[in-house]
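The chain is numbered in sequence order, starting from 1.
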Amino acid sequence: MPYPKPDPLAPYRAKRSLERTPEPAGASLGPVRIEGGGLFVVHKHAARRLHFDLRLQMDGVLRSWAVPKGPSYDVADKRLAVMVEDHPLEYGDFEGLIPDGNYGAGAVIVWDRGRWVPMEDPALGLAQGKLLFELQGHKLHGLWTLVKLKKGEKEWLFIKERDSYASSSGPLPPEESVLSGLTVEELKAGLNPADGLRADLIRLGAPTGEVRADTAPLMLAETRDRPFTDPAWLFELKLDGYRVLAARGGGTARLFSRNANDLSASFPEVSRAVAALPVSGLVLDGEVVALDDSGRPSFQRLQLRAKLTREIDIRQAMVENPVTFFAFDLLAAEGVDVRPLPISVRKELLQKVLPPAGAVRFLDHFKGDGEVLYQQVQKLGLEGIIAKRADSPYRAGRSAAWLKIRSRLSDDFVVVGFTASKGSRTGFGALLLAQYVDGMLIFCGRAGSGFNDKQLIEVRVDLDSSRRNAPPCGGPIPREKGITWTEPRLVCEVEYTERTEEGLLRQPVFLRFRDDKRPEECVREAGQRRSGAESEGSAGRYSAERMRPDGMQEAGSPANRPAAPPPRFNFTNLDKVFWPDEGYTKGDLIEYYRSIGDWILPYLIDRPVVLTRYPDGIAGKSFFHKDAPEFVLAWIRTERMWSEQAEREIDYFICSDEASLLYLINLGTIPLHVWASRAQAIERPDWCILDLDPKGAPLSHVVEVAQATHALCEDIRLPHLVKTSGSSGLHVLIPLGGQCSYDETRSLAELLARLIVSELSEISTVARQVSRRGGKVYIDYLQNGSGRLLVAPFSVRPLSGAPVSMPLRWDEVNEKLDIESFTITNALARMKQLKQDPLREVLTATPDLPGTLQRLEERGR
């Protein structure tokens with residue numbers, strides 16, 4: 001019959017009256033197996049004599065040595081360590097006062113805590129009297145040795161081995177507990193730092209009130225592309241972890257994720273440390289981080305921790321893969337709401353609350369010089385920095401008072417589908433990604449690299465379970481074959497080089513899945529770096545200072561300028577040649593539109609604008625840009641309207657000021673096309689157009705048709721104006737004053753066109769097909785319709801010589817007219833000479849249309 005094994009904790013219990021001491025009794029925690037070592041703890045114990053206790057987890061208990069003088073980093077110091085009774089594993093969390101009259105009466109703090117890793121067989125080393133191991137603690141690091149002295153049974157020496165941590169003159173580790181932040185002397189004297197904190201809060205005038213960590217909304221940062229230096233700002237490291245609100249009340253602590261999920265059981269080492277802080281009603285904001293072997297945040301390690309659910313696995317991971325809560329803000333303490341105070345004050349108070357080392361730590365900051373910190377972050381390969389205005393209170397939601405500046409471009413995206421795999425690849429080809437923009441899920445690209453084989457297979461199974469027939473998002477949705485759409489449930493982080501003007505990612509690479517974020521949190525923010533107008537390193541910058549310094553306007557120029565200066569943005573590729581024969585550059589084009597802005601803007605204000613973009617100039621490829629990118633600078637106005645042609649809603653640009661105009665031109669836009677109606681009355685056009693298109697007919701015939709139109713309109717007393725198309729024809733515009741629908745406008749234009757053709761049938765036609773025109777001038781009345789466009793007056797055309805669409809006086813419409821003579825080089829000088837725009841009346845006149853129709857009827861009799 002086998003004999004039962006002796007209880008290793010019997011001596012521990014025999015020395016204590018456990019009903020009279022707060023020390024743990026040593027209930028069984030179950031078989032926690034830790035590969036290569038386990039938990040180590042160093043207690044500082046103010047008993048009859050002040051000493052330290054080194055405890056190493058072995059065989060289900062904490063083997064313990066009393067070290068009177070404590071650990072030393074000096075290899076020459078051989079500190080006596082007396083082996084004492086084994087302690088239960090729960091003792092690793094014990095901190096408090098052992099009452100007088102009990103064994104070991106006095107104050108005990110957890111001076112250090114972490115993992116120990118034996119370099120050799122620990123059982124053999126213990127038996128032979130030499131134990132070599134590594135300590136991975138908050139204070140103690142590197143190689144150490146316990147060597148048994150021959151003269152006694154319990155006497156050992158605790159010695160630091162030579163390594164990079166060894167030092168004979170370095171600073172001593174902090175004396176405070178890694179749990180409560182108290183020194184053993186403070187604990188023994190009953191001192192409470194909360195008393196001083198409470199007095200500070202009263203002095204600062206912070207309001208009383210409860211702040212609940214499970215319901216308190218977070219303050220969030222906006223995105224900025226580049227660091228800056230400003231003494232009014234504080235700069236912190238951007239950590240790669242889980243955002244958490246930690247709360248302490250009634251001696252217990254709870255941790256809440258940004259989604260209000262309780263994470264207390266997942267990260268008990270943090271919960272225990274928060275619970276030990278000697279402040280009531282405490283709410284901390286910070287980041288839970290798992291550090292790798294080099295001390296950098298590792299999101300992969302953190303995810304491994306977060307996925308554990310069994311208590312035994314979590315206890316084991318606390319030692320093998322511990323986490324740290326870096327607190328960067330104080331929201332509440334001692335029944336006071338601290339959020340209204342400036343963050344510089346909140347952080348000063350926070351630092352007083354937290355221990356200098358431990359599972360809960362203060363995230364320090366740098367004042368003023370964000371650029372220097374950013375450079376160091378880049379060298380270390382860290383996530384980035386967070387800039388915070390020193391005077392900012394804590395306010396719910398995203399705020400420009402907090403800015404996140406990434407050292408690499410990455411963001412979180414919702415997975416909305418996948419493409420089919422090709423070749424030997426399994427699972428899927430690429431994930432389709434989207435983000436929320438103004439509450440709508442907008443497609444923004446795909447990521448096909450960065451996955452391992454396991455992820456390809458596992459994720460495909462998950463995606464197959466959430467298939468759907470139609471895309472759950474809008475935007476520039478791909479239409480090719482082989483796409484499968486899914487419910488927007490998964491969130492992943494993707495690294496990329498920049499965004500296109502359409503908001504699509506360039507060179508995206510999958511980094512990881514984010515199970516700590518909900519799809520609704522994947523919101524595209526202002527200021528994210530993109531190609532084109534917002535890309536850094538460009539050759540110029542627009543700001544309000546570039547507007548006319550005298551604030552005066554040209555004669556006939558619009559009066560409705562924005563009340564506030566527009567935000568800045570960067571110009572790009574100003575030296576790129578857009579007109580090869582003339583050598584005109586993109587910078588010349590932008591300068592033309594800037595100079596002509598007061599004349600062109602009246603035709604753009606409140607009107608949907610469509611662009612034709614030539615990123616490489618008139619010799620390169622071009623594309624028609626009707627739908628505004630879903631993610632443009634916040635101050636760029638867009639209006640969402642239904643497009644009959646596209647059979648979907650489109651976000652149109654609305655260009656109402658100089659900044660918006662130059663922003664659009666900086667996209668590589670050459671001509672601007674506008675609707676005849678304004679956004680607020682989209683079905684009531686301001687003008688009717690007769691587009692005189694020669695398509696091979698001589699300009700003299702165009703002039704003759706225009707003169708006939710002029711005569712007809714004069715006869716029926718219908719206001720009418722004229723401009724060049726900027727290409728080869730003329731546009732006759734009839735002001736309507738919003739009196740007609742588009743259908744009525746087209747009927748009026750058709751009636752006028754057919755009357756003109758009846759008089760000039762030899763040189764004009766209304767036949768739409770070029771093959772049926774017979775070399776005649778085509779009078780296009782079909783340009784009158786919802787969504788039909790007019791090239792804006794003063795708009796540049798992508799033709800040799802850079803001609804512009806120029807308003808004309810009717811006396812200029814004669815045999816001497818040279819449409820191509822109006823260019824970006826002389827347009828402004830012409831308007832200054834004219835002093836007023838001969839076309840402007842098309843925006844303001846309200847003709848007598850009933851009288852016009854009556855006169856037309858009389859003419860036809």
Would you be so kind as to tabulate the donor-acceptor pairs closer than 3.5 Å made by side chains of residues 697-708, with sequence neighbours excluded?
from : atom 1 : to   : atom 2 : distance (Å)
Q707 : NE2    : V813 : O      : 3.0

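- By the 4.5 Å heavy-atom criterion applied to side chains, T709 and L752 are not counted as neighbours.
- The CG atom of D693 sits 8.0 Å away from atom NE2 of H731, with the distance rounded to the nearest 0.5 Å.
- Side-chain atoms of I756 and E759, non-hydrogen and from C-beta on, never get closer than 4.5 Å to each other.
- Using a 4.0 Å cut-off between charged side-chain N and carboxylate O, R607 and D686 make a salt bridge.
- D651 places no side-chain N or O within donor-acceptor distance of the main-chain N or O of T638, the cut-off being under 3.5 Å.
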Under the side-chain contact (heavy atoms from CB on, under 4.5 Å) criterion, do F653 and V610 qualify, and how do the steps go? CA-CA 7 Å; F653 283 114; V610 177; over 6 Å; no
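- Classification of the F794-W599 ring pair by plane angle, with boundaries at 30° and 60°, yields tilted.
- In this structure the side chain of L849 reaches within 4.5 angstrom of the side chain of C740, judged on heavy atoms.
- The aromatic rings of H720 and H710 lie tilted to each other, with the angle between the two planes from 30° to 60°.
- Taking CG of L730 as the start and CG of L808 as the end, the distance is 6.5 Å to the nearest 0.5 Å.
- Of the possible polar contacts, none joining the D837 side chain to the P807 backbone as a donor-acceptor pair under 3.5 Å is found.
- To the nearest 0.5 Å, atoms CG (L611) and OG (S795) are separated by 10.0 Å.
- A heavy-atom distance below 4.5 Å is not found between the side chains of I618 and L799.
- Salt-bridge formation is detected for the pair D616/K576: a Lys NZ or Arg NE/NH1/NH2 atom is positioned less than 4.0 Å from an Asp or Glu carboxylate oxygen.
- The shortest heavy-atom contact between F443 and P476 is CD2-O, 3.2 Å.
- For the pair R637 and E639, the salt-bridge criterion is met [side-chain N within less than 4.0 Å of a carboxylate O].
- Residues Y742 and S677 have side chains that bring a donor and an acceptor to within less than 3.5 angstrom of each other.
- The two residues S660 and C655 come nearest to each other via the heavy atoms C-SG, 3.8 Å.
- With contacts defined as side-chain heavy-atom distances shorter than 4.5 Å, the pair L790/Y603 does not qualify.
- Under the 3.5 Å distance criterion, the side-chain polar atoms of R809 are left unmatched by any main-chain donor or acceptor of D811.
- Side chains of K776 and S764: no donor on one and acceptor on the other come within 3.5 Å.
- Between R830 and E812 there is a salt bridge, since at least one side-chain N of the basic residue sits less than 4.0 Å from a carboxylate O of the acidic one.
- Remark: side-chain polar atoms of R788 are not paired, donor with acceptor, to backbone N or O of Q783 under 3.5 angstrom.
- Closest non-hydrogen pair, A792 versus V674, comes out as CB-CG1, 4.3 Å.
- Between V416 and R446, the closest side-chain pair of non-hydrogen atoms is not below 4.5 Å.
- No side-chain heavy atom of Y592 sits under 4.5 Å from any side-chain heavy atom of T825.
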Query - Stepwise side-chain contact (heavy atoms from CB on, under 4.5 Å) check, V791 with K723 - result: CA-CA 10 Å; V791 64; K723 73 178 183 71; 3.5 Å; yes
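- Proximity of a side-chain donor or acceptor of S761 to a complementary backbone N or O of S758 within less than 3.5 Å is not detected.
- The two residues W485 and A470 have their closest heavy-atom pair at CB-O, 3.7 Å.
- The main-chain N or O of D848 is found under 3.5 Å from a side-chain atom of T852 such that the two form a donor-acceptor pair.
- Between the D588 side chain and the T585 main chain, a donor and an acceptor come within less than 3.5 Å of each other.
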What's the verdict on side-chain contact (heavy atoms from CB on, under 4.5 Å) for L672 and Y593, showing C-alpha distance, side-chain angles and the deciding distance?
CA-CA 11 Å; L672 295 163; Y593 274 107; 4.1 Å; yes
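- The CD1 atom of I819 lies 8.0 Å from the OG atom of S727; values are rounded to the nearest 0.5 Å.
- The salt bridge (charged side-chain N to carboxylate O under 4.0 Å, His left out) with D780 is formed by just one residue from the set R773, K695, R746, R768; it is R768.
- With a 4.5 Å cut-off on side-chain heavy atoms, R797 and P803 count as touching.
- No cation-pi contact links R613 to F623, judged by a cut-off of 6.0 Å to the six-membered ring centre and 45° from its axis.
- Using a distance-only test at 3.5 Å, with no hydrogens or angles considered, no donor-acceptor pair links the side chain of T765 to the main chain of Y778.
- A side-chain donor from one of S800 and E582 sits under 3.5 Å from a side-chain acceptor of the other.
- When all heavy atoms of L692 and P694 are compared, the pair lying nearest together is O-CD, 3.6 Å.
- Applying the ring-ring contact (aromatic ring centres under 6.0 Å, His included) criterion to F228, with sequence neighbours excluded, gives W233, F235.
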- Query: Would L843 and R678 satisfy side-chain contact (heavy atoms from CB on, under 4.5 Å), going step by step from the backbone distance to the final call?
  - Reply: CA-CA 11 Å; L843 300 174; R678 302 171 192 264; 4.2 Å; yes
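- Atom CD1 of I734 sits about 10.0 Å away from atom CD1 of I689, to the nearest 0.5 Å.
- Between Y496 and F413, the ring planes lie perpendicular to each other; the angle is over 60°, past the 30° to 60° tilted range.
- Remark: the backbone N or O of Y614 is not paired with any side-chain donor or acceptor of K621 at under 3.5 angstrom.
- To the nearest 0.5 Å, atoms OG (S595) and CD1 (I590) are separated by 12.0 Å.
- Shortest non-hydrogen contact noted between L789 and W675 is CD2-CD1, 3.5 Å.
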